[in-house]
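Beneath this line is the structure, given in structure tokens, with notes to follow.
Just follow the structure's listing: the first ligand is 1, and inside any ligand the first atom is 1. Note that the structure is predicted; figures quoted are calculated from it, not measured. In this chain, numbering begins with 1 at the start of the sequence shown.
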Amino acid sequence: MSPLFMETNLQNKRHTLAHLLGAAVVAQYPHAKLTLGPAIDNGFYYDIDFSGGPALGDDGLKDIQKAMKKMINSWTEFTHREVSVEEARALYKDNQYKLELVNEICERGETITLYTCGNFTDLCRGGHCDNPKAEIDTDAFELEKVAGAYWRGDEKNPMLSRVYGLAFETKADLEAYQYQIEEAKKRDHRKLGKEMDLFTFSDMVGSGMPLFTPRGNIVRNAIINYSRELNEKLGFGEVHTPNINKAELFKCSGHYDQYKDDMLSVTSQYVNDEMFMKPMNCPQHTQIFDSRPRSYRDLPIRYSDFANLYRDERPGELSGLTRLRAFAQDDGHIFCRESQVQEELVAVLEIIKEALATYGISYWIRLSLRDPENKEKYLGTDADWEHSEAELEVVIKKSGVEYKAITGEAAFYGPKLDIMAVDALGRQWQISTIQVDRVQPERFDLTCINEKGEKERVVMIHRALIGSPDRFLGILIEHFGGNFPLWLAPEQVRIVPVLDTHNSYAETVYASLKTAGMRVVLDDANESMGKKIRAAKTEKLPYFIVIGDLEVADQTVTLEKRDGTKEVISIPTLMEKLAIEVQTKAL
Ligand SMILES: [Zn+2]
Ligand SMILES: [Zn+2]
């Protein structure tokens with residue numbers, strides 16, 4: 001069976017289950033008015049108006065589900081017939097929602113069809129199982145919840161009850177999905193970020209503007225410093241740039257026309273300049289490049305930048321660290337000659353692969369192309385676009401990474417390779433990006449002097465390695481479930497002496513680790529051992545060292561790993577083991 005057919009098949013099952021849900025609800029709640037009931041990507045729902053009598057709540061779902069499982073036994077075949085608009089209107093004279101749908105179908109000049117299965121008939125376009133009883137595994141669906149939803153999503157319309165169901169091919173698929181949802185809740189970075197004391201938000205500071213605690217900032221810095229190491233390998237020079245820029249810069253780059261709605265404006269009490277918090281670093285980097293004449297011998301010139309960026313996101317779209325108004329990027333720009341573009345792109349992509357392997361994150365690549373139907377959304381010539389798009393496709397094919405070309409996802413100045421990370425729970429996040437830009441060099445008139453002593457237009461490559469360290473920290477918390485590998489952990493080792501008499505030896509161990517640069521804490525507070533061990537578990541420490549009589553006598557430590565495994569080792573062995581684990585960034 002082809003994957004496409006399986007997909008359609010599952011969609012048909014989900015759609016069929018929406019009918020079954022409608023049928024079961026109407027049987028128990030005769031006053032209920034059914035409205036729309038589509039298949040969705042984890043099951044199905046039906047929007048229902050219960051305003052004429054008692055409403056179905058979460059506590060009534062079990063009954064409805066039971067009724068559905070019983071009812072399906074008589075659902076062995078769908079039949080359908082076309083009806084006239086008059087007949088349809090008469091049928092739905094008491095249901096203003098279906099009436100509205102009937103009128104719309106009529107206006108579009110389409111035929112009106114009614115589908116029947118068992119004793120239940122519904123207005124529908126089709127797309128069901130042939131034989132629901134035979135095809136649907138009744139253990140593979142479950143009613144999930146009831147939520148409020150406005151008719152057609154418009155808050156001016158009546159509020160309906162949306163009854164959600166989960167549905168998959170098999171019971172195992174359903175359970176795997178439910179496990180993933182439960183696990184995602186446990187790993188929610190907003191919850192773990194609080195428990196592990198990594199970051200916070202304050203209403204007084206503003207939404208979407210995270211405050212990193214000392215512990216959180218250790219992880220954030222570890223991410224940034226690793227990107228710095230990789231930048232070094234690629235030959236980047238780190239620059240430092242201001243957060244506020246004059247509008248003139250963004251007018252020249254094109255952001256003013258294309259991106260102004262997402263930029264925060266700033267005013268000065270002394271000058272009349274229109275100014276903005278910067279949403280990206282690219283225009284500024286053009287000014288560093290252009291600050292002196294460049295010879296072809298100097299190229300490629302590569303700038304990296306970790307400056308904070310600001311985007312005016314709508315408050316409703318902000319969520320923990322994954323969508324922010326203030327964030328940094330491990331950003332960088334390469335200014336090079338036409339003949340150097342391929343080589344630069346390949347080198348950057350290889351480094352991104354290396355970075356993601358270190359974090360243990362799998363990925364695929366989206367080749368984000370211009371939408372040829374909407375050329376007015378983009379700057380630059382057709383020839384440049386075709387050139388850049390072809391260039392990226394060559395690089396991606398060479399790399400051997402799985403990719404999909406998607407139109408309409410390009411930046412306004414050029415096509416992109418967007419790296420889509422797939423985390424431990426199978427969820428996807430767009431992180432890194434590589435973009436070829438022949439528009440900004442034109443607009444800022446960026447050139448080098450070539451071998452013939454002539455001015456030659458350069459090409460600009462935009463790239464990030466892991467994207468935003470702030471957002472990536474949120475992704476990593478969920479990817480690791482808070483169990484950071486040693487090199488990222490805010491506190492790497494905690495030493496716990498059993499009794500006061502063990503303190504002096506514990507201090508020696510502490511001093512050795514501290515001197516070696518480990519992030520180590522000596523917990524000699526007057527608390528019970530049980531409490532200390534529980535705290536270490538909540539804080540998800542990679543290592544825990546207990547020191548008692550035996551350890552003092554033998555000059556050893558008992559090293560306990562997060563997973564509960566223990567070993568008794570000497571101090572030099574301990575030092576070597578931890579150092580190697582940090583250096584190799586072991587997972
Ligand atoms: Zn249908
Ligand atoms: Zn850029």
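Shown here is Asn119, whose CG atom has no more than 12 heavy atoms of other residues, nucleotides or ligands within 6.0 Å.
Each of Met263, Arg325, Met277 was checked for a side-chain contact (heavy atoms from CB on, under 4.5 Å) with Asp312, and the lone residue meeting it is Arg325.
The closest side-chain donor-acceptor pair between Ser227 and Asp330 falls under 3.5 angstrom.
When the N, O or S atoms of His462 are ranked by distance to the Zn ion (ligand 2), ND1 comes first.
At least one N/O/S atom of His333, from backbone or side chain, sits under 2.8 Å from the Zn ion (ligand 2).
Here the angle at the Zn ion (ligand 1) defined by NE2 in His15 and NE2 in His128 stands at 100°, rounded to 10 degrees. Rounded to 10°, the angle formed at the Zn ion (ligand 1) by His19 NE2 and Cys124 SG is 130°.
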Legend entry - side chain to side chain contact (heavy atoms under 4.5 Å, CB included) assessment of Lys233 paired with Glu354: CA-CA 12 Å; Lys233 278 198 199 177; Glu354 182 181 335; 2.7 Å; yes
